[in-house]
Structures are given as structure tokens and as C-alpha cells.
Amino acid sequence: MKKIVIALSVMALLTSCVSKKKYTDLEARNKETQDLLNTATVKLNSCLEEKAGLAARVDGLKEQNQTLISTSKDMTILTTKGAENIEKALESIKEKDLKISRMQDALTKKDSVTLALVTSLKSSVGISDPDIEINVEKGVVFISIADKLLFKTGSYDVTDKAKAVLAKVAKVVNDKPDFECMVEGHTDNVPYNGSGILLDNWDLSVKRSTSIIRVLTNQLGVKPEQLIAAGRSSYIPLVSNDTAENRARNRRTRIVVLPKIDQFYDMIEKEMKKQQK
């Protein structure tokens with residue numbers, strides 16, 4: 001019996017020793033596992049922190065990207081508008097350049113056109129006399145005749161010599177039946193001293209105009225509806241009335257030819273064609 005008890009005691013002791021060893025091993029493994037878990041937890045926390053930082057950075061980058069997209073759109077709009085404005089400005093400049101070019105061409109041709117028209121009228125009048133001037137101003141033709149070819153001093157009676165000159169003028173007017181002609185009388189500044197119905201240089205200048213008109217209509221076949229009588233007295237002088245010679249220049253009759261614009265340019269075109277032949 002004692003032997004059995006001893007044997008059981010030995011066996012229990014041995015069993016107790018084995019369990020403690022396993023426990024120690026298990027405890028060691030548990031510690032190792034805990035260490036690994038702690039390490040993993042630290043790494044996990046580090047990764048989570050890094051992830052949070054990256055997420056914040058991504059959000060910042062997304063915001064920056066959106067800002068850049070918006071800015072890019074704005075820049076695109078601005079660039080498009082700027083391009084359109086530049087294009088419009090260039091078109092405007094081209095139009096202005098074209099207008100300037102045309103104006104320059106017109107100015108270049110002005111002298112030759114004026115010369116052509118004056119040559120045409122002088123050819124029609126057939127007179128080369130320093131006391132008869134034909135020129136063009138702003139689309140209007142002026143035929144200026146010194147009074148010494150038309151009247152005696154202080155008189156409004158047309159001389160016989162003047163009728164030959166007026167016959168040439170009548171030819172110009174009759175060749176242009178749609179034109180109007182204004183006959184302007186001009187005097188110097190010497191007061192009118194004659195007797196009769198005339199009171200002053202105003203009356204004298206108008207009376208000389210109507211006298212010429214009567215010759216043109218009654219003797220030279222000009223239509224009365226083409227003519228306009230006008231007197232300017234001494235108030236539109238060519239030169240100062242300080243010498244006898246200058247006063248003689250200011251005493252004149254001016255016939256203003258008023259063509260319609262289309263007829264005016266038609267006359268220019270015909271004369272230019274003549275010059276080119």
C-alpha cells in the first residue's frame with residue numbers, strides 16, 4: 001500500500017513539473033506574441049498617422065487642382081476674349097488703313113483731277129486770258145472774269161467786247177443743261193458815286209449780275225431757270241484794296257457752275273479718259 005502511495009506521489013510530482021514547463025513556454029510565447037502585437041500596433045498607428053497626413057495632403061492637392069482648373073478656365077475665357085478683342089482691333093486697324101490708303105489715293109489724284117476738269121472747261125471756253133480764271137474748289141467750278149472785259153468803270157452796261165467772252169461761257173452752260181450757274185457781281189471798296197437808281201456797291205454788284213444774265217438769256221440762248229443772280233459788293237475781295245491794280249482785280253464777275261455730283265464726276269471721268277489717250 002505504501003508503495004502504491006509513493007508511486008502515485010512520484011507520478012503527481014512528475015506531472016506537476018511538466019505542466020510548469022509548458023506554462024513557462026506558453027508564457028514566453030505569449031510575451032513574444034505581445035511584443036509582436038505591440039510592435040504591430042505601433043506600426044499600425046504610425047501607418048494610420050501617415051495615412052491621415054497623406055489624406056490631408058491629397059485633399060490639399062485636390063483643392064489646389066480645383067483652383068488650377070478654375071484658374072485655367074478663367075484664363076481660357078480671358079485668353080479667348082483677349083484673342084477676340086485683338087482680332088477686332090486688327091480688323092479695325094485694317095479698315096482704318098484701307099480708308100487712309102483711299103484718302104491718300106484721292107489726295108494724290110486731286111491735283112490731276114482738278115487739272116483735267118479745268119482743262120476741259122478752258123477747252124470749252126476756248127479762251128486763254130489772264131483776266132479769265134477757271135478753277136475748282138470743293139467740287140464747284142468758278143469762272144472769274146475781270147470787269148474790264150465786261151463793263152466800263154462804275155457802269156453796269158455790258159460792253160460789246162464782253163459779249164464775245166460771254167458767248168464762250170454760254171457754250172459751257174448750254175452744253176450742261178442740268179447744271180445751274182450763279183452769276184456773282186463783285187466790286188472794289190470805292191463807294192459808288194453814280195446817279196440814278198443805284199445807291200451803293202451792293203446795287204452795282206447785283207445790277208452787273210442781272211445785266212450779264214440778260215445777255216446770256218436774251219442773246220445767247222441760256223435757259224433762265226439755270227441762272228441765279230447774286231451780288232457780293234466789296235466784301236469778298238481777292239486782295240487788299242490798297243492799290244489801283246488790286247482794286248481792279250477785285251472788280252470782277254464770277255460765274256459759279258453748280259453741277260450735280262454724279263454729273264461732276266462723269267465730266268471728270270470723261271476728261272481723264274481723254275488725257276489717257
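Only heavy atoms go into these numbers, but all of them, side chains included; no hydrogens, no water, no symmetry mates.
Val257 and Val173 fall within the same hydrophobic cluster, where Ile, Leu, Val, Met, Phe, Trp and Tyr residues are linked whenever their side-chain heavy atoms come under 4.5 Å apart, directly or through other members. Linking ILVMFWY residues whenever their side-chain heavy atoms come closer than 4.5 Å, directly or via other members, leaves Trp202 and Val183 in distinct clusters. Grouping the Ile, Leu, Val, Met, Phe, Trp and Tyr side chains by contacts below 4.5 angstrom, directly or via other members, places Val190 apart from Val206. Hydrophobic clustering, with ILVMFWY side chains joined whenever heavy atoms are under 4.5 angstrom apart, groups Ile213 together with Val169.
When all heavy atoms of Ile145 and Val165 are compared, the pair lying nearest together is CD1-CG1, 4.1 Å. The two residues Thr217 and Pro224 have their closest heavy-atom pair at CG2-CA, 3.9 Å. Closest approach of Ser205 to Gly185, counting heavy atoms only: CB-O, 3.3 Å.
Side-chain contact between Thr253 and His186 is absent, with no heavy atoms from C-beta onward closer than 4.5 Å. The shortest side-chain heavy-atom distance between Arg254 and Ile143 does not fall under the 4.5 Å cut-off. In this structure, the side chains of Thr187 and Ser233 come closer than 4.5 Å at one or more pairs of heavy atoms. Taking 4.5 Å as the limit, some side-chain heavy atom of Thr243 sits within range of a side-chain heavy atom of Asn246. Side-chain contact between Leu216 and Leu227 is present, with heavy atoms from C-beta onward closer than 4.5 Å. The shortest side-chain heavy-atom distance between Tyr192 and Leu198 falls under the 4.5 Å cut-off.
In terms of modelled atom types and a separation under 3.5 Å, the side chain of Ser155 and the main chain of Phe151 share no donor-acceptor contact. In terms of modelled atom types and a separation under 3.5 Å, the side chain of Asn250 and the main chain of Leu238 share a donor-acceptor contact. Formation of a donor-acceptor pair under 3.5 Å by the Ser209 side chain with backbone atoms of Ala230 is found in this model.
To the nearest 0.5 Å, atoms CD (Glu180) and CD1 (Ile228) are separated by 4.5 Å. Separation of atoms CD1 (Ile212) and CZ (Arg208) is listed at 9.0 Å; rounding is to 0.5 Å. How far OG of Ser144 is from CD1 of Ile132: 9.5 Å, rounded to the nearest 0.5 Å. For the atom pair Leu150 CG and Lys163 NZ, the distance stands at 12.0 Å (nearest 0.5 Å). Taken to the nearest 0.5 Å, the CZ atom of Phe179 stands 13.0 Å off from the NZ atom of Lys223. Distance OG/Ser234 to CZ/Arg247: 12.0 Å, rounded to 0.5 Å.
Salt bridge Asp147/Arg252: absent, no basic N to carboxylate O contact under 4.0 Å.
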Problem - Check against side chain to side chain contact (heavy atoms under 4.5 Å, CB included), Ile197 and Asp203 - result: CA-CA 9 Å; Ile197 61 173; Asp203 283 351; over 6 Å; no
Practice task
Apply side chain to side chain contact (heavy atoms under 4.5 Å, CB included) to the pair Asn201 and Leu204, showing each step before the final yes or no.
Solution key: CA-CA 5 Å; Asn201 283 335; Leu204 179 60; 4.1 Å; yes
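Enclosure of atom CD in Glu63 is not indicated, since only 12 or fewer non-hydrogen atoms of other residues, nucleotides or ligands lie within 6.0 angstrom.
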